[in-house]
Every structure is written in structure tokens, then in C-alpha cells.
There are 2 protein chains.
Amino acid sequence: MTEERIKEAINTLKESGVRITPQRHAILEFLIVSMAHPTADDIYKALEGKFPNMSVATVYNNLRVFKKAGLVKELTYGDSSSRFDFASSDHYHVICSSCGKIVDFHYPGLDEVEALAEHVTGFSAQNHRMEVYGVCPDCREHGKILKS
Amino acid sequence: MTEERIKEAINTLKESGVRITPQRHAILEFLIVSMAHPTADDIYKALEGKFPNMSVATVYNNLRVFKKAGLVKELTYGDSSSRFDFASSDHYHVICSSCGKIVDFHYPGLDEVEALAEHVTGFSAQNHRMEVYGVCPDCREHGKILKS
DNA sequence: GTTATAAATTATAACTATTTTAATTTAAGA
DNA sequence: TCTTAAATTAAAATAGTTATAATTTATAAC
Ligand SMILES: [Mn+2]
Ligand SMILES: [Mn+2]
Ligand SMILES: [Zn+2]
Ligand SMILES: [Zn+2]
């Protein structure tokens with residue numbers, strides 16, 4: 001089924017006139033197969049075995065291409081670097097404030113909050129961002145030190 | 001009442017052993033009086049008349065001090081620089097995706113979402129982040145172009 | 001299968017927000 | 001007033017990301 005997802009994604013790209021290069025294929029595949037939320041550098045490092053000459057710019061460029069095609073979402077945090085999420089279905093994230101682990105979770109939707117925001121501020125709401133911060137089971141059990 | 005707030009904030013700092021310097025006072029005052037969500041550079045520029053020799057490092061250092069004292073919250077976004085919010089009462093933000101304007105709004109709380117996240121992921125939730133994106137009345141009326 | 005060409009990749013330099021460093025100045029208590 | 005730890009300054013360093021220009025390549029037309 002990840003196979004299927006990859007094919008599907010490749011087709012989406014082809015249909016919007018994006019050329020399929022080996023690098024592009026590999027980055028996309030990594031995003032889908034790893035099922036993680038890697039940074040651009042994670043991807044770069046993961047693929048340097050297969051593509052010893054690949055440039056970081058290629059990773060960034062392609063992530064931008066995938067974003068524009070709606071295949072990938074960028075998750076931005078304060079200090080560190082962006083993380084990238086293959087856009088399967090809409091979901092939210094819980095983030096461990098100790099180790100940084102990111103876990104998906106589903107929740108009906110916060111349409112009501114958007115509606116209230118519209119009503120109170122006069123804005124027309126388009127979308128929202130929400131994430132929960134906490135401590136993951138691992139960190140709780142092994143008593144890891146919290147990030148300052 | 002902003003006067004009162006400034007005094008209160010200064011006292012909070014004094015009580016935690018933080019020295020009150022003219023720069024510190026000015027940065028804090030600007031945050032409270034402007035009632036905006038300025039970047040470090042906004043603050044730096046706003047105060048360069050009064051403090052021609054102030055270093056950007058001073059702005060950043062003090063914002064960190066204020067954060068640690070719980071007086072200020074840092075709002076981080078994807079591409080651009082952090083914004084800083086004097087921490088009066090808890091509130092959420094609506095952000096214009098066209099001009100970047102940030103407007104406060106109050107909403108009861110998303111405890112339920114935190115609870116569900118805990119239940120589903122095994123994390124212990126500490127807090128959350130939520131913001132609504134949309135188009136502000138000004139941008140809607142004057143038909144400004146959306147940021148890509 | 002060749003060829004043409006626009007698009008993609010690469011290597012490197014540039015950029016920007018933020019932090020670090022080390023020297024100098026200063027707030028505040030004795 | 002004196003003392004000293006803490007704060008400020010100026011400058012350099014850092015890190016993530018983007019821009020540039022030369023080279024390579026995916027794709028479609030032939
Ligand atoms: Mn996810
Ligand atoms: Mn606010
Ligand atoms: Zn953890
Ligand atoms: Zn606007």
C-alpha cells in the first residue's frame with residue numbers, strides 16, 4: 001500500500017507537469033515509507049548513500065515542489081528546522097517537549113473555533129493550526145530531562 | 001493602567017533578582033504600550049532613537065529574560081522571525097495570510113482536545129498551541145494579493 | 001534511437017535571524 | 001563611595017534556507 005501511495009503521488013506530479021527524476025522519486029519514497037516527520041537534513045542524510053552527489057538545494061527545491069502539489073505539508077517550529085509530513089489525511093500532532101517526538105492524532109475538527117474567530121475579529125477564516133505539547137511515554141518512564 | 005502593568009512587570013522582575021536597566025525598562029514598556037506583536041527587530045528599531053548604541057543582542061537577551069519570567073510569550077512562525085507578545089491573559093491569535101496582521105481572540109479552552117490526545121497517544125499533555133489563519137477585513141475590502 | 005530544449009541538479013555563495021564571545025560598563029547592595 | 005556580579009556592546013559565528021550560474025538530464029518531437 002505504500003507502493004500504491006508512491007505511484008499515486010508520482011502520478012499527481014506527472015499530471016501537473018513535474019518531471020520525475022531519481023532524486024525526486026527517492027525523496028518522495030522516503031517521506032512515504034519512513035512515515036516520520038523528517039527535516040530536510042534528515043532526508044538529505046538518509047539518501048546520501050544512494051545519491052552521494054545530491055545537493056541540499058535539491059531536497060529543499062523538491063520539498064517545495066511537493067508542497068505546491070499538495071503532497072507534503074511543512075511543520076514549522078520555533079527554534080529548529082522545519083519538518084515535512086506526507087499529506088495523507090488531515091490530522092493533528094502531539095509533540096514531546098522532552099525528546100521532540102511527533103505523533104499523529106485525529107480529532108473531529110475545530111470549525112467552531114474558526115467560526116468564533118470570524119465572528120469576533122471580522123476575519124474570514126481559511127484554516128487553523130493546532131498542536132498539543134506534552135511528554136511521551138518513553139520520556140516519562142525513563143525520566144529524561146526536559147528541554148529548557 | 002498600562003502604567004500599572006509596567007510597574008507590576010518591573011516588580012516581577014525585581015523579585016526574581018533581575019536588574020532593571022534603562023534598556024530593559026524601555027523594551028518592556030514598548031511591549032506593553034504598543035499592544036502589538038513586534039519582532040525583535042521592530043523593538044530594536046523603535047528604540048534606536050532613545051538608545052542609539054543598543055545592541056540587537058540586548059533585545060534578544062532581554063526578551064529571553066522576560067520569557068523566563070513569564071512576562072512575555074514568543075510566537076514562532078514558519079519563514080519569518082519570531083514575534084513577542086506581552087503575556088497578559090491567555091488568548092489565541094488570528095493571523096491574516098495576506099498582510100500578516102495578528103489579532104487576539106479569546107476562546108474557552110481546548111482541554112478536550114488535550115484529553116483526547118493524551119488518551120490516544122499515551123502522552124501527558126502540558127499545553128497546546130492554536131491559531132486561526134484567514135483574511136483580515138482590510139485585505140478583503142482592498143483586495144490585496146495573497147501571499148504565495 | 002536521436003535530437004532539442006526546458007527543467008532539474010549541483011556546487012557554491014549569499015542571506016537572515018539569532019546566538020556567542022570577549023571587552024567594557026553599570027545597577028544595586030554593602 | 002566602593003565593589004562586583006550582571007548587563008551591555010560590537011563583532012564574529014552559527015545554522016537553516018535560498019539564490020546563482022554552470023552542467024546535466026527527462027521528456028517529447030522527430
Ligand atoms: Mn503527521
Ligand atoms: Mn496576543
Ligand atoms: Zn519524548
Ligand atoms: Zn490583512
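Protein chains get the first letters and strands the later ones, always in sequence-line order, with residue 1 at the start of each. Quick caveat, the model's predicted, so the values are computed rather than measured.
- Across all strands, A/P22 comes closer than 4.0 Å only to sugar-phosphate atoms, never to a base (heavy-atom distances).
- Proximity of A/Q23 to the phosphate of D/dT25: no side-chain N or O atom is located under 4.0 Å from OP1 or OP2.
- Using a 4.0 Å heavy-atom distance criterion, A/N62 is classed as a sugar-phosphate-only contact.
- If you take NE2 of B/H25 and C1' of D/dT8, they are 18 Å apart, rounded to a whole angstrom.
- In this structure, B/R24 contributes its side chain and B/N62 its backbone to no donor-acceptor pair below 3.5 Å.
- The distance between atom CG of A/N61 and atom P of C/dA11, rounded to the nearest whole Å, is 14 Å.
- Atom-to-atom, CD of A/E48 to P of C/dT10 comes out at 13 Å; the value is rounded to the nearest Å.
- Rounded to whole angstrom, the span from the CZ atom of B/R64 across to the C1' atom of D/dT8 amounts to 14 Å.
- A/S55 places a side-chain N or O within 3.5 Å of a backbone atom of A/A57 that can act as its donor or acceptor partner.
- Taking every side-chain heavy atom of B/A57 into account, D/dT9 is the closest of D/dA7, D/dG16, D/dT9.
- D/dG16 atom C1' lies 14 Å from atom OH of A/Y44, rounded to whole Å.
- With salt bridges taken as basic N to acidic carboxylate O contacts below 4.0 Å, none links B/E3 and B/R5.
- Under a 4.0 Å N-O distance rule, the pair A/K67/A/D85 does not qualify as a salt bridge.
- The CG atom of B/L13 sits 11 Å away from the P atom of C/dA28 (whole-angstrom rounding).
- Within the shown strands, C/dG1 is the pairing partner of D/dC30 under the Watson-Crick or G-U definition, both distances less than 3.5 Å.
- Distance CG (B/L28) to C1' (D/dA7): 16 Å, rounded to an integer number of Å.
- Taking side-chain N and O atoms only, B/T58 has a distance below 4.0 Å to OP1 or OP2 of D/dT9.
- At the heavy-atom level, B/S82 lies under 4.0 Å from the strands shown only through sugar-phosphate atoms.
- Between the side chain of A/N11 and the main chain of A/E8, no donor-acceptor pair closer than 3.5 Å is present.
- OP1 or OP2 of D/dT17 lies within a sub-4.0 Å distance of a side-chain N or O belonging to A/Y60.
- When each of B/V56 and A/N53 is assigned the nucleotide of DNA chain C bearing its nearest heavy atom, the one mapping closer to the 5' terminus is A/N53.
- Side-chain N or O atoms of B/R83 include none that pairs as donor or acceptor with a backbone N or O of B/T76 at under 3.5 Å.
- In this model, a side-chain donor or acceptor of B/S55 finds a partner on the base of D/dA10 within 3.5 Å.
- A/D41 places its CG atom 11 Å from the P atom of D/dA15, with the value rounded to the nearest Å.
- Here B/R19 does not reach the OP1 or OP2 of C/dG29: none of its side-chain N or O atoms lies under 4.0 Å away.
- Contact annotation: B/T21 side-chain N/O to C/dT26 OP1/OP2 distance is not under 4.0 Å.
- Relative to the side chain of A/M54, the nucleotides D/dT9, C/dT10, C/dA8 differ in distance, and C/dT10 lies closest.
- Of the candidates C/dT9, C/dA28, C/dT10, C/dA28 carries the atom nearest the B/I20 side chain, counting heavy atoms from C-beta on.
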